[in-house]
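Some notes on the structure that comes next.
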Number of protein chains: 2
Amino acid sequence: MTERDVAGPAGDGTDPAWVRAAAEATAREVFAVIGTKWALDAVNALAPGTLRFAELRRELPGISHKVLTQTLRALERDGIVARTVHPTVPPRVDYRLTAAGRGLRDVVNGMCDWSRRHLAEILAARTRSGPTG
Amino acid sequence: MTERDVAGPAGDGTDPAWVRAAAEATAREVFAVIGTKWALDAVNALAPGTLRFAELRRELPGISHKVLTQTLRALERDGIVARTVHPTVPPRVDYRLTAAGRGLRDVVNGMCDWSRRHLAEILAARTRSGPTG
DNA sequence: CTGTATCCTATGTGATACTG
DNA sequence: CAGTATCACATAGGATACAG
């Protein structure tokens, strides 16, 4: 894997096979990460700008200390949020969206649009699958 | 909730608040569903057309009988796939994408594009989070 | 052929207490 | 303030057997 193997803009048709495969696998994993209970809320909370751990926690009423840490670690692992530790006392840790994280919001908006367009079908399907079977 | 409350095309700015809230909640849930291990593969397998249970299973090497059932039930619950039971013996059950399911592929493609665009950043973040910490 | 029930392991989510 | 450890519980994923 060299630098020039990472082809130009997405969808230009020149991506090597391994890039397509990695992109599809990554897409699935990112769906899983932002499908966890609080990840989407955390990304939305960070959209306006940088927040400290405790600030972020206040933006997410009901989240536990541990779960916020886990959620942020998962988002950090996939390059969606960046974490900056200031070696002060008491410690200060800032979280912000990366370029990738900001781009991810377009995908999320696409999913919200899809939900709006198909909300009636979805609710109908859930009614069928719920009470009656 | 009446029919006319379901506003026109997404993003036209006329959606009532409850539609936006429902869409965001639904988006999160759909991220979770298609983030499960096999859901995306199942949707891709059904993209060309209708498949029976056993055909679908052959398209997804390694999936277990039970997990395929669970995956399909989850997709059916959110109106992404439709299930048709033919009352024959032996039984025959067909699965196909709904209109919503076909529309979902655009969102998935958006996520794949995002992955391709940011693959280098993602892999770098994972390298940092993985071995070294 | 399709689907459910059972048993198992791994992980997500959360409450609480402890550490630097 | 931020993070980790521990305990508890629910659910995802899977192997296998049984049922319609």
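Quick note on labels: first sequence line is chain A, next is B, and so on, each numbered from 1.
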Side-chain contact, heavy-atom cut-off 4.5 Å: B/Tyr95 with B/Thr50?
-> no

Name every residue in residues 51-68 of chain A that has at least one heavy atom under 4.0 Å from any atom of DNA chain C, in order of residue number, or write none if there are no such residues.
-> A/Ser64, A/Lys66, A/Val67

Does any non-hydrogen side-chain atom of A/Asp94 lie less than 4.5 Å from one of A/Arg83?
-> no

Quick test: give all pairs of protein nitrogen or oxygen and nucleotides 9-11 of chain C nitrogen or oxygen below 3.5 Å, distance rounded to 0.1 Å.
none

Decide yes or no for A/Asn44 and A/Arg105: does some side-chain heavy atom of the first lie under 4.5 Å from some side-chain heavy atom of the second?
-> yes

Closest approach of B/Arg126 and A/Thr26, non-hydrogen atoms and distance?
-> NH2-CG2, 4.3 Å

Check the pair A/Arg96, A/Val81 against side chain to side chain contact (heavy atoms under 4.5 Å, CB included), reporting the backbone distance first and the verdict last.
-> CA-CA 5 Å; A/Arg96 59 184 169 76; A/Val81 308; over 6 Å; no

Rounded distance (Å) that lies between atom P of C/dT2 and atom CD of B/Gln70 | 18 Å

Heavy-atom check, side chain of B/Arg116 versus side chain of A/Val19, under 4.5 Å = yes

Rounded to the nearest angstrom, tell me the gap between atom CG in A/Asp94 and atom C1' in D/dA2.
-> 12 Å

Do the side chains of B/Glu59 and B/Glu55 get nearer than 4.5 Å, heavy atoms only?
-> no

B/Trp114 vs A/Asp106 side-chain heavy atoms within contact, under 4.5 Å = no

Write down the distance between CG (A/Leu40) and C1' (C/dG12), rounded to a whole number of angstrom.
-> 17 Å

In whole angstrom, what separates A/Arg92's CZ from D/dG3's C1'?
-> 17 Å

Rounded interatomic separation in angstrom, taking OH from A/Tyr95 and C1' from D/dA2 = 8 Å

Would you give the length of the straight line joining atom CG of B/Leu56 to atom CG of B/Leu72, rounded to the nearest 0.5 angstrom?
-> 5.5 Å

Donor-acceptor under 3.5 Å (B/Thr98 side chain, B/Ile80 main chain) = yes

Residues of residues 22-39 of chain A with any non-hydrogen atom less than 4.0 angstrom from an atom of DNA chain C: list those, numerically ordered, please.
-> A/Thr36, A/Lys37, A/Trp38

